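Right, one structure below, let's go through it.
This is a predicted model, so every value here is computed, not measured.
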Amino acid sequence: MNLFELIQKEIAYRKGGALCTILAVVMAVALYVAFQTTGEAAMRETIRLMRDMGYNLRIIPKNTEMNAFWAIGYSDQTMPETYVEAFTAYSKDTSLYNLLLAVLRQAVEIEGHHLVINGIAAEVCPPGMEKSSMIFEIPPGTLFVGYQAAQDLGMQQGGSLTLWGKAFTISRVLTETGTEEDIFLWAHLRDVQEGLHLHGRINEIRALECRCMSEDMDVLVLLRNQLSEILPDATVIQLQTIAKARQQQRRMAEKYFSFLMPVALLVSVVWIGALAWFNTRERRYELGVLRALGYGSVRIALLFLGKAMILGMVGAALGFLLGSWLAMAYGPEIFRVTARAIHVQPVLLGWVLLVAPLLTALASFIPAMLGVAQDPADVLRYE
């Protein structure tokens with residue numbers, strides 16, 4: 001009887017143990033495949049949710065009086081709009097930021113109400129990169145109006161408002177935020193520059209700090225050093241609360257995934273090893289008979305290891321199917337924002353078909369060696 005036939009008979013004779021081993025492999029592989037399949041979507045969603053907390057870097061004119069800046073929320077000084085292009089073109093390390101937004105902000109009084117007008121341009125990405133926008137784009141000649149401002153002025157979408165002698169269409173009334181933005185008016189940067197007679201000027205560049213920073217890297221120091229060379233008349237402020245929350249949340253998610261998978265694999269390997277050990281211990285008499293019939297230690301070891309690898313391969317295939325189904329069935333419900341990033345990954349099938357049998361054989365190796373090391377005379381003497 002050749003080895004393969006012997007393995008088949010062994011599996012058929014010990015169906016319960018074989019099913020338990022397959023189940024252990026299925027659970028480990030399904031968990032791995034499900035997490036890997038949804039992992040990209042999970043990380044993207046974490047990044048997206050953290051990003052939506054807002055810009056965490058503010059670049060303002062260097063001669064800004066900071067007490068006044070914090071009191072009114074914007075600089076009363078201006079700087080050239082070309083600073084955006086200068087920062088983008090000459091930045092030595094474009095990994096320091098993801099997006100730049102030029103802003104011209106000014107207080108305005110309309111019908112006795114104190115409001116704030118914000119002129120914004122299209123966001124600018126680092127060279128060679130594409131990022132989804134964090135803020136709405138406003139067509140020239142239109143306004144986006146904050147919730148409280150719309151209430152105070154009795155404005156509705158589709159209406160109009162005259163500023164600086166020019167009629168603007170109310171393109172959108174924003175939902176209530178519970179922040180100062182409820183009294184903001186948003187317009188195209190060119191319209192605000194023209195109305196305030198500040199052509200080519202801005203008073204702030206808002207930026208999103210890049211997520212690529214390592215834990216020991218001080219982004220604020222790097223940016224200030226960079227700005228001193230590129231934009232000597234500007235300085236940068238980091239919104240520490242947003243920056244730290246984004247960084248800590250991202251690292252927590254990364255550590256969670258890096259912790260969960262090794263634990264799952266370790267539990268599965270221990271489970272399979274325990275099954276193999278109990279199986280070997282219960283079959284001391286059978287192993288003694290096989291040795292007495294002339295089956296060598298190598299052949300018996302190959303019997304156990306071959307069985308483990310075949311069961312590992314079957315479990316890997318079933319685990320891949322189960323894990324992929326779980327990811328596709330429940331992943332889009334969990335990660336709604338990045339659901340399109342979830343798709344079956346055939347490359348994982350090749351990896352699990354290679355690794356799972358090896359891990360199963362590894363878990364069975366020590367019990368198999370203990371079994372074949374027994375002297376058949378000693379075993380049969382007590383049976």
With sequence neighbours excluded, tell me which residues meet salt bridge (charged side-chain N to carboxylate O under 4.0 Å, His left out) with [X].
X: Asp152; answer: none
X: Arg190; answer: Glu81
X: Lys62; answer: none

So which heavy atom on [X] is nearest to which on [Y], and how close?
X: Val173; Y: Ala150; value: CG1-CB, 3.7 Å
X: Ala149; Y: Leu185; value: CB-CD2, 4.1 Å
X: Ala316; Y: Leu353; value: CB-CD2, 4.0 Å
X: Met309; Y: Pro357; value: O-CB, 3.5 Å
X: Ala234; Y: Ile59; value: CB-CG2, 3.9 Å
X: Ala356; Y: Gly312; value: CB-O, 3.9 Å

Side chain to side chain, [X] and [Y], heavy atoms closer than 4.5 Å:
X: Asn63; Y: Asp233; result: no
X: Val103; Y: Ile205; result: no
X: Leu318; Y: Ile22; result: yes
X: Leu163; Y: Val192; result: no
X: Ile120; Y: Ile138; result: yes
X: Met155; Y: Leu161; result: yes

Inter-residue atom distance [X].[atom1] - [Y].[atom2], 0.5 Å rounding:
X: Ile202; Y: Leu104; atom1: CD1; atom2: CG; answer: 8.0 Å
X: Ile72; Y: Asn67; atom1: CD1; atom2: CG; answer: 11.5 Å
X: His113; Y: Leu153; atom1: NE2; atom2: CG; answer: 5.5 Å
X: Thr235; Y: Arg58; atom1: OG1; atom2: CZ; answer: 12.5 Å
X: Ile310; Y: Thr21; atom1: CD1; atom2: OG1; answer: 12.5 Å
X: Ile60; Y: Asn203; atom1: CD1; atom2: CG; answer: 9.0 Å

Ring pair (Phe, Tyr, Trp, His ring centres under 6.0 Å) with Phe69: which residues, sequence neighbours excluded?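 Phe69: no ring pair (Phe, Tyr, Trp, His ring centres under 6.0 Å) contacts found.
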Partners passing ring pair (Phe, Tyr, Trp, His ring centres under 6.0 Å) against Tyr83 (at least two apart in sequence or in another chain):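 For Tyr83, no residue satisfies ring pair (Phe, Tyr, Trp, His ring centres under 6.0 Å) once neighbours in sequence are set aside.
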Keeping Ser324 on the side-chain end and Leu321 on the backbone end, is there a donor-acceptor pair under 3.5 Å? no
May I ask you to decide if Gly159's main-chain N or O and Gln156's side chain share a donor-acceptor pair within less than 3.5 Å? no
Other than Tyr147, what residues sit in its cluster of Ile, Leu, Val, Met, Phe, Trp and Tyr side chains whose heavy atoms are under 4.5 Å apart, directly or through others?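 Members alongside Tyr147: none; it stands by itself.
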What pairs of residues pass the salt bridge (charged side-chain N to carboxylate O under 4.0 Å, His left out) test when at least one of them lies in residues 168-179, not counting sequence neighbours?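 Counting only pairs at least two positions apart or across chains, no salt bridge (charged side-chain N to carboxylate O under 4.0 Å, His left out) contact touches residues 168-179.
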What residue pairs, at least two apart or across chains, pass salt bridge (charged side-chain N to carboxylate O under 4.0 Å, His left out) with a residue in residues 154-166? Lys166-Asp191
Under the side-chain contact (heavy atoms from CB on, under 4.5 Å) rule, collect the residues that match up with Thr177, sequence neighbours excluded.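 Residues passing side-chain contact (heavy atoms from CB on, under 4.5 Å) with Thr177: Thr179, Glu181, Asp182.
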Applying side-chain contact (heavy atoms from CB on, under 4.5 Å), can you list everything that pairs with Leu348, at least two apart in sequence or on another chain? Tyr32, Val33, Gln36, Thr37, Phe320, Gln345
Count I, L, V, M, F, W, Y as connected when their side-chain heavy atoms are under 4.5 Å apart, and connections chain through other members. Are Leu198 and Trp164 then in the same cluster?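 Hydrophobic grouping puts Leu198 with Trp164.
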Side-chain donor-acceptor pair present, Ser75, Thr64, cut-off under 3.5 Å: yes
Could you walk me through whether Val352 and Val25 pass side-chain contact (heavy atoms from CB on, under 4.5 Å), step by step? CA-CA 10 Å; Val352 297; Val25 177; over 6 Å; no
Might you work through the side-chain contact (heavy atoms from CB on, under 4.5 Å) test for Ile170 and Thr142, ending with a clear yes or no? CA-CA 6 Å; Ile170 308 301; Thr142 66; over 6 Å; no
Which pairs with one or both residues in residues 165-188 pass ring pair (Phe, Tyr, Trp, His ring centres under 6.0 Å), sequence neighbours excluded?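 Pairs touching residues 165-188 that pass the test: Phe136-Trp186, Phe184-Trp186.
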The complete set of side-chain hydrogen bond (donor to acceptor under 3.5 Å, both in side chains) pairs with one or both residues in residues 100-111, sequence neighbours excluded, reads Tyr74-Gln106, Arg105-Asn118
